[in-house]
Amino acid sequence: PAGKVVGVEPNASRLAIAQKYLAKEIKQFGYETSNVELVQGVPEDLSFIPDQSVDVVISNCTFNLSPNKGAYIAEVKRILKPQGEWYFTDVFTDRRIPQATSNDVANVAMRLGGAVFVEDFRRMAQAAGFHDPRYVITRKTPVSADEAAVYPGIAFATIT
C-alpha cells in the first residue's frame, strides 16, 4: 500500500491505451489508483524520478529501441536504490550488427536493428556499476527470411 508504480511510455497513443485500461488492471491486481502513475517519457531521461528512489526497474523490450543505450543504463542506475534490481527482457545478438544496418531507422523500428551484442551490453552495464548482470532465460528469437537477409550470419536471442 505504501509503494508506487510508475510506467514510462514514449508513444502518446500507446500511453492513451494504457490509461484507458489502467483502472481495470489496478482492480484486477488489487492496487489503488494513487499507487500507479503513467508518464509520457523516455528511459534515457527519467529526471522526474529522484536519485536512488526506486526498488525495481522492469524493462520489457525497450532497450533495443533506445537511441542512447548508455544514457538508458545510466538513468536506471541513477534511480535505483543501492540494493535495487533491474529486470529486463530484450533482443540481443551473438555479434555486432554492422553500423550502417543498425543506424537504419527502419531496421530499429522493426525490432532487430537496435539489438545489442550481448557482451557489449554486459560491458556497458558493468561500466555503469551493475557488477553482476545475470541472464536467467535465453531463447532463440525467430527471424524471418527477409530479416535474415538484412542480418546475414547474426543470431538473435531474447534474453531475460
Side-chain angles (χ1 to χ4, degrees), residues 3-18 36-144 146-160:
K4 184 173 183 176
V5 174
V6 177
V8 179
E9 171 57 57
N11 183 288
S13 60
R14 287 195 303 252
L15 182 63
I17 293 168
V36 180
E37 178 183 4
L38 300 177
V39 177
Q40 186 170 1
V42 294
E44 301 85 3
D45 178 11
L46 301 173
S47 56
F48 57 91
I49 300 175
D51 294 0
Q52 298 186 351
S53 64
V54 176
D55 293 304
V56 176
V57 171
I58 299 172
S59 302
N60 187 6
C61 296
T62 57
F63 190 73
N64 67 327
L65 299 175
S66 172
N68 188 339
K69 291 166 176 52
Y72 187 130
I73 293 172
E75 280 294 88
V76 169
K77 184 63 177 169
R78 181 189 65 74
I79 66 172
L80 277 174
K81 291 178 179 177
Q83 298 304 314
E85 295 190 12
W86 179 22
Y87 294 91
F88 61 89
T89 297
D90 222 311
V91 177
F92 293 90
T93 63
D94 68 338
R95 66 198 70 195
R96 290 184 187 98
I97 295 174
Q99 194 72 44
T101 304
S102 66
N103 283 345
D104 185 322
V105 173
N107 291 336
V108 174
M110 294 305 295
R111 81 181 171 119
L112 298 180
V116 174
F117 175 41
V118 69
E119 288 303 311
D120 287 343
F121 173 78
R122 183 184 57 75
R123 283 189 278 276
M124 287 188 302
Q126 286 177 330
F130 292 100
H131 298 293
D132 189 21
R134 286 173 257 167
Y135 310 119
V136 180
I137 300 169
T138 300
R139 292 189 176 100
K140 182 178 179 181
T141 301
V143 177
S144 70
D146 290 342
E147 290 171 327
V150 174
Y151 308 100
I154 298 175
F156 294 85
T158 301
I159 299 176
T160 301

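Of all non-hydrogen atoms in M124 and V116, the two that sit nearest each other are CE-CG1, 4.2 Å. Taking all atoms of both residues into account, the shortest heavy-atom contact from A128 to I73 is CB-CG2, 3.3 Å. Across all non-hydrogen atoms, the minimal contact from S53 to K81 is O-CE, 3.7 Å. Taking every heavy atom of both residues into account, T93 and A115 meet most closely at CG2-CB, 3.7 Å. Contact between P98 and I154 at its shortest, heavy atoms only, is CD-CD1, 4.0 Å.
Under a 3.5 Å cut-off, the side chain of R78 and the backbone N or O of I49 do form a donor-acceptor pair. Looking at E75, its side chain does come within 3.5 Å of a backbone N or O of L46 through a donor-acceptor pair. Between the T158 side chain and the T141 main chain, no donor and acceptor come within less than 3.5 Å of each other. Using modelled atom types, no side-chain atom of R111 and backbone atom of C61 make a donor-acceptor pair closer than 3.5 Å. D90 places a side-chain N or O within 3.5 Å of a backbone atom of T62 that can act as its donor or acceptor partner.
Between F88 and W86, the two ring planes are tilted [angle within 30° to 60°].
Atom CD1 of I159 and atom CZ of R122 lie 12.0 Å apart (nearest 0.5 Å). Separation of atoms OH (Y87) and CG (N60) is listed at 14.5 Å; rounding is to 0.5 Å. The distance from the CE atom of M110 to the CG atom of D104 is 11.5 Å, given to the nearest 0.5 Å. With rounding to the nearest 0.5 Å, the separation of CD1 in I79 from CD in Q52 is 11.0 Å. The CG atom of L15 sits 6.0 Å away from the CD atom of Q40 when rounded to the nearest 0.5 Å. K69 NZ to N64 CG: the interatomic distance, rounded to the nearest 0.5 Å, is 6.5 Å.
For D120, the salt bridge (charged side-chain N to carboxylate O under 4.0 Å, His left out) partners are R96, R123, not counting sequence neighbours. Judged as a side-chain contact (heavy atoms from CB on, under 4.5 Å), and not counting sequence neighbours, the contacts of V143 are L112, E147, A148, F156. Residues forming a ring pair (Phe, Tyr, Trp, His ring centres under 6.0 Å) with F63 (at least two apart in sequence, or on another chain): Y72, F121. Residues passing the side-chain contact (heavy atoms from CB on, under 4.5 Å) test with S102 are I97, Q99, sequence neighbours excluded.
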Just list the side-chain donor-acceptor pairs under 3.5 Å for residues 131-138, sequence neighbours left out, or say none.
| residue | atom | partner | partner atom | Å |
| --- | --- | --- | --- | --- |
| D132 | OD2 | R134 | NE | 3.2 |

Using distance only, find each side-chain donor-acceptor pair of residues 5-12 under 3.5 Å and give its atom names and separation, not counting sequence neighbours.
| residue | atom | partner | partner atom | Å |
| --- | --- | --- | --- | --- |
| E9 | OE2 | N11 | N | 2.9 |
| E9 | OE2 | R14 | NE | 3.1 |
| E9 | OE2 | R14 | NH2 | 3.0 |
| N11 | OD1 | S13 | N | 3.0 |
| N11 | OD1 | S13 | OG | 2.5 |
| N11 | OD1 | R14 | N | 2.9 |

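Side-chain N/O atoms of D146 and S144 include no donor and acceptor closer than 3.5 Å.
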